[in-house]
Amino acid sequence: MQCCEPAVNDEKDAVNIPGETTPIESVPAGPEEAPAEAPSGDLKVAAVALEDEEAPPMAEEETAEPVKAKPTKASLCKLFSQMDAVEALVLVVGTLCAMAHGVAQPLLIVIFGDLIDALGGSPEEVQRETERLSLTMCAVGGGALVAATLQGACFKIFSDSQTMKFRIMYFQDILHQDVGWFDTKEVSALSAEIQDDLSKIQDAFGDKFGNGVMALSAFLGGFACAFGLGWLLALILSAVLPFMAMGTYFVGQAVAEVQMESQGWYAKAASVVEECLYGMRTVVSFGSEQKELERFSIAVAQTRRGGIRNGLRIGLGTGFSWFVEYSNYALAFFAGMNFAYHRELNPATGEPWRTGDIMTIFFCIFIGSFFMGQIDPSIKAIGSAQMAAYRFFKVHDNKPAIQRRDADERKEVSSIETFAFEQVHFSYPARPTVTVLGGVTLTINRGQKVAFVGESGSGKSTIMALLERFYDPSSGVVYVNGWDMRTFKINALRKCIGYVGQEPVLFSQSIRANIMQGNPEATKEQFQQACADAQLTFVDSLPDKYNTFVGAGGGQLSGGQKQRIALARALLKEASFLFLDEATSALDNTSEKMIQQTIDNISSTTRSLGIVSIAHRLSTIRNSDLIYVLSRGQVVEQGNHQSLMEKKGVYYALVAAQESSQKAEEAEELELPNQPTVAVLRQNTGQSDESEMARKERMKKEEEDREKQITDKYKVPMSRLLGYNKPEWAFFMPAILGALIEGSAAPICALALVGSMDAFFKLEFATVRDEARDDIVFLCFVFLIIAASVQIGNIIEHGGFAVLAESMTARLRVDILKAIFRQEIGFHDDPENTPGMMSKALELWAFRVSTLCKSIGAKAAAMSSVLVGVIIAFIYCWQMALVMLGTVPIMIAANSVQMLVMLGASKVDNEGIKHAAQIVSDSVMNARTVQALGVEQSLVQMYTSLVGKSTKGMWTRNFLAGLGFGVASGVMFFVIAGGFYYASVLRREGVASFNDTMMAFMGIFYAGLGAGQAAVFMGDAAKAKVACHDMFKLLDRVSKIDGLEPKGEIPSKLDAGTIEFEAVKFFYPFRPEVQVLKGVNFKIQAGQSVGLVGPSGGGKSTVMSLIQRFYDPQEGAVYVGEARRPLHELNIRWWRRQIGFVGQEPVLFNTTVRNNILYGLEEGETVTEEYIKKCEEMCNLKFLYKSGNRGLATEVGPRGGRLSGGQKQRVAICRALIRNPAVMLLDEATSALDSQSEQIVQKALEAARDGRTSFAIAHRLSTISGCDVILVNADGRVVESGTHDELMAHKGVYYKLQMQSRK
């Protein structure tokens, strides 16, 4: 979709780049309209002055650092204010169950301590107590399973339900904001901000909220149990908590900062990519691929550094946490040993310290402190949601002056008879200091044809915006039917107005759906009549007729076709007034005259329709009943054409200036032969949108099948993948070694833990008390060694794999972009290779593939944990090892599921939500069109239905998800109970000692825990495989025209200006059924100027694309030079260096004017300042030195948005001239300029064409009548060629075109 500009320009703007991101966030520039000043001097002179009258945007320091304000949060009451009674009940049940689930954790530890004490008694007592406590543990486990299930289900249901409400309200609120509100926002980023806010709210209300309640309950329960069983030991163990909290806090802060920095740097890289991809033809035609690759490489290098620092600090943080935990083991057992050795009494119970109590207190503190760390993510999630809710409620509580979200109490209006301006002054909200209109007074009556004329920036489009009530005047009044416009309902007002703007805005729907937006209740006959009046005959030649999908922003159609659809949409409204803001500017002369005649006929036959139009081409408004002439925000003349010409004032001067360059009214173009009749057209308007929906479903199914096939059959070429890490191979072994150390720590810790328990039992016997004390002291040192090893291992592992993964990601991203640049333009025509998709691929493919590299460390840690644990278990008691080994897969699965839920990684993308997000994007990017059509409510209904699909089966789906979480949480209780029961059986039967069974039990148990935690970091292997497959498919694709590393010959002597087409036939690769060129023949000598004329779709732009070798013809050949060298044999970069191209809609990059005009120079190539100055003068860039601009250092803004359409066009012409090319290609290079600016630039272009071959496409014959050769294109062929005089003497097609203009 094209972005709605913050203010209406009077010129056609350039192509806007959708979804472009920029690291610089700035307030959009306002319209290119000058402050109102009293005209001074001779008005006639002012009107015909060749000086550019555009008012450039005010120069602002774009790169100024914004002042960081403290984020504002909504209150918790406000955050939860949207829930109803059912949702409140679900939240209460979920909270209570989360509390019960949390308390179950310390209860497990208490029972575990009692089991340990039971194993120290006689065999009979052991058996009896073990059975009882095992059953108790199973009962607690069952309760935990139920509580966790309801916790998981309730919070998911609450989250989904609340998020749907917020989604609908947010969208509805945004749609009903005034246009002025959008002017002050970065519209291209608004959709992403909305989705981000909704994601944060959903995240906070879901599993993180439940886990936070559960963690708080477990933390409080754990510490309560610990202090209840022995407050003295609990107090000692709690001494390490400040260190743990301090470490977690500072490391967490550091990690957060690094992550934000890393994301920020990639955002910079992403903005480079998006600019390149959306301006691919510009990048390729100027041979700047290497330049862009270098820019991207610098940006991803910064991303790599941020990622490596991130990995190191994560390793440091993780290692530090484990260091504190394992050190706490040593502290607990050393303190407990002293209490037990000296037979001190437990102050809490008044009895001697028991082994079970010591273990219980230790593990309760351990569990409590662990869950204390799990509270922080939930608090942060709630905080983020509060900030998101603040932004939402700020929009929700905003009461727009114009739009009405709720009931509109203002007056109805069924028709508009008159508009009247009374002393209207106006400034745009984004630029309140610039007065655009200064005291305008005028009247427009229904049934009149009224036109506004004036130089660019005079305020014409601003008046139309005020008539639409996109804005209210700063002062003065706009009257409708004699009443203040502000007293009428806005929807009723806009129903009376049909609007067609300079740049047609279409939504990503079928042609039919776009037209029906004008009047959803229109009958079939009304639809057919509107289509016939708008001359939509081209639709009949499309395969799906009116069900043809127009693509994002109507990208599948030409400018003229989009404009006709927009006109049909306006005509379908059957309004009181029809507003035409350069509505025919994108059409060829024939189509323009046809539609102009249609509008005239409608006006004459339907006296009730008022037509208000803006035109730079004065010939299109000569028969208007009333013409208002504007200059610098004021009405300087008014009357009909004849009366204004008699005055010989400003209007007369404007007409004279235009006629002097045209010498006649603009000629009509050749009509396409055999056009389908209206009757045929109407026969095809009865189809439904079923084919479009079926196509989407089919494509979705095909993609799912493709991914499944890749997952099942594709083998990842790991050797090739790891080749991207060749410079970092030295990091592999240390990183894997660190992972092995990390993985083996848990089962080795189990050895020391069981040894400690055994030693504690020995403390009860006087004969071995000293030996037991020495054993415990030794094991305390072992715990400290384990702590230090894990700290070092984590740093080495995470740091090493961060270096490997980030280096791989950086190189892959550069290679992917290089591969994208290498492809021919036809590759980018594929709907699967749109700029948005390629940008997403660059972001995701390399990231997902790098997880395969990181997964090596996770796999090594998991393997180490399992292997060491199994070996320990089998050495001490193979019977227990075999039994417990059967539980390892269960524990791995349980831990993985639980960790995934806790990390929020179990999100499922929903197609309905994705489609709904596209509607949000389309709507906010085109807010003016949405409001002008009055389709806010229908869009909200469509959005609601799409979002509502995601809630179907919500209760069942979320209950099953909660059940998975519950089973994962409860299974541990049953595994531990079963293990201890079997240990008692083995001991009773004399098969193994307590020490041996516990070694085997703990070894397997800890191995499962370690492997489960490691498994969650292995990433999504399926997504990684698909990404790897698609990435290497692109990297291995052989381009048909490789412009990055061309192989062709660079001729030493070749007259590049001589170009010949011989029997050239061509169709676009992704539209093979449409033959665009059907045998084109012509030869152009060096230095000749060539004019290409013909109807839209006749093949003119295709000829230019073939000259630039964006494509190769399927038949025939293109030759260069007198030696007739085939173009495909020449070095493509050398050839494109010989060409200067200026398109109809110029693409500028977000940098200075200087960098833009020097964009096409080769690396190391320079030009003199004198030459730059000369090109500036030729292109009339004087506006760069007015109104505070900084000359060539002026920033053009994203997509050149700080310049008007005409200003952008002149910068683009200067960019082409700087290269001093042998061949100049001009595709409607002056179409966006008013007659004065066009005359200046046309002269500059004529001077620039001197001495070089030039091709110019023109709908307006006057601009090419002086060319050496005129090629008349029609239906894919050159039907005539010659000079203007020769073609007139021939009295063929060209002659008829000229004669038609004189009728």
Side-chain angles (χ1 to χ4, degrees), residues 240 243-255 258-259 305 307-334 366 369-370 373 725 728-753 755-756 778-807 853-869 871-872 1003 1006-1007 1009-1018:
V240 301
F243 295 99
M244 184 179 295
M246 180 179 64
T248 304
Y249 173 78
F250 285 113
V251 172
Q253 288 291 105
V255 170
V258 175
Q259 284 177 331
R305 283 194 283 272
I308 290 172
R309 286 196 295 270
N310 182 31
L312 283 169
R313 296 195 184 186
I314 287 174
L316 180 65
T318 307
F320 180 78
S321 299
W322 283 114
F323 177 84
V324 173
E325 289 293 349
Y326 286 128
S327 299
N328 212 17
Y329 275 76
L331 177 62
F333 294 143
F334 185 78
F366 179 87
S369 59
F370 173 78
N725 277 133
E728 292 82 27
W729 276 0
F731 289 89
F732 262 111
M733 289 310 297
I736 291 174
L737 181 62
L740 294 175
I741 292 171
E742 181 196 358
S744 62
I748 291 174
C749 176
L751 278 177
L753 180 63
S756 300
F778 171 74
L779 290 170
C780 288
F781 280 109
V782 170
F783 282 123
L784 292 174
I785 292 170
I786 294 172
S789 300
V790 172
Q791 170 81 78
I792 296 168
N794 268 281
I795 294 172
I796 295 173
E797 178 200 358
H798 289 280
F801 280 109
V803 171
L804 293 165
E806 293 298 329
S807 299
C853 175
K854 289 181 179 178
S855 69
I856 294 174
K859 289 175 182 176
M863 181 191 70
S864 172
S865 186
V866 170
L867 195 61
V868 173
I871 289 173
I872 290 172
Y1006 270 73
L1009 287 176
Q1013 289 173 353
V1016 79
F1017 294 106
M1018 290 184 187

Assess the residue pair V240 and L331 against the criterion (side-chain contact (heavy atoms from CB on, under 4.5 Å)); give the C-alpha distance rounded to whole Å, side-chain angles, the decisive distance to 0.1 Å, and a yes or no. CA-CA 9 Å; V240 301; L331 177 62; 3.8 Å; yes
Under the 3.5 angstrom rule, does the side chain of [X] hit a backbone N or O of [Y] as a donor-acceptor pair?
{"X": "S865", "Y": "A861", "answer": "no"}
{"X": "S864", "Y": "S744", "answer": "yes"}
{"X": "N794", "Y": "V790", "answer": "yes"}
{"X": "T318", "Y": "G315", "answer": "no"}

Side-chain contact, heavy-atom cut-off 4.5 Å: [X] with [Y]?
{"X": "Q791", "Y": "L316", "value": "yes"}
{"X": "L740", "Y": "M863", "value": "yes"}
{"X": "I785", "Y": "S789", "value": "yes"}

Measure the acute angle between the ring planes of F366 and Y329, then classify it against the limits of 30° and 60° as parallel, tilted or perpendicular.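 Taking Y329 first and then F366, their aromatic rings stand perpendicular (interplane angle over 60°).
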What pair of heavy atoms forms the shortest contact from [X] to [Y], and how long is it?
{"X": "N725", "Y": "S807", "result": "ND2-CB, 3.9 Å"}
{"X": "G857", "Y": "A739", "result": "O-CB, 3.4 Å"}
{"X": "A750", "Y": "G1003", "result": "CB-N, 4.1 Å"}
{"X": "A802", "Y": "I308", "result": "O-CG1, 3.9 Å"}
{"X": "S756", "Y": "F783", "result": "OG-CE1, 3.7 Å"}

[atom1]/[X] to [atom2]/[Y] distance, rounded to the nearest 0.5 angstrom?
{"X": "I795", "Y": "I741", "atom1": "CD1", "atom2": "CD1", "value": "11.5 Å"}
{"X": "L751", "Y": "L779", "atom1": "CG", "atom2": "CG", "value": "9.5 Å"}
{"X": "E325", "Y": "F320", "atom1": "CD", "atom2": "CZ", "value": "11.0 Å"}
{"X": "F778", "Y": "F781", "atom1": "CZ", "atom2": "CZ", "value": "10.0 Å"}
{"X": "F323", "Y": "L784", "atom1": "CZ", "atom2": "CG", "value": "7.0 Å"}
{"X": "I796", "Y": "I736", "atom1": "CD1", "atom2": "CD1", "value": "12.5 Å"}

Give a yes or no on whether F732 atom CZ has more than 12 heavy-atom contacts from other residues, nucleotides or ligands under 6.0 Å away. yes
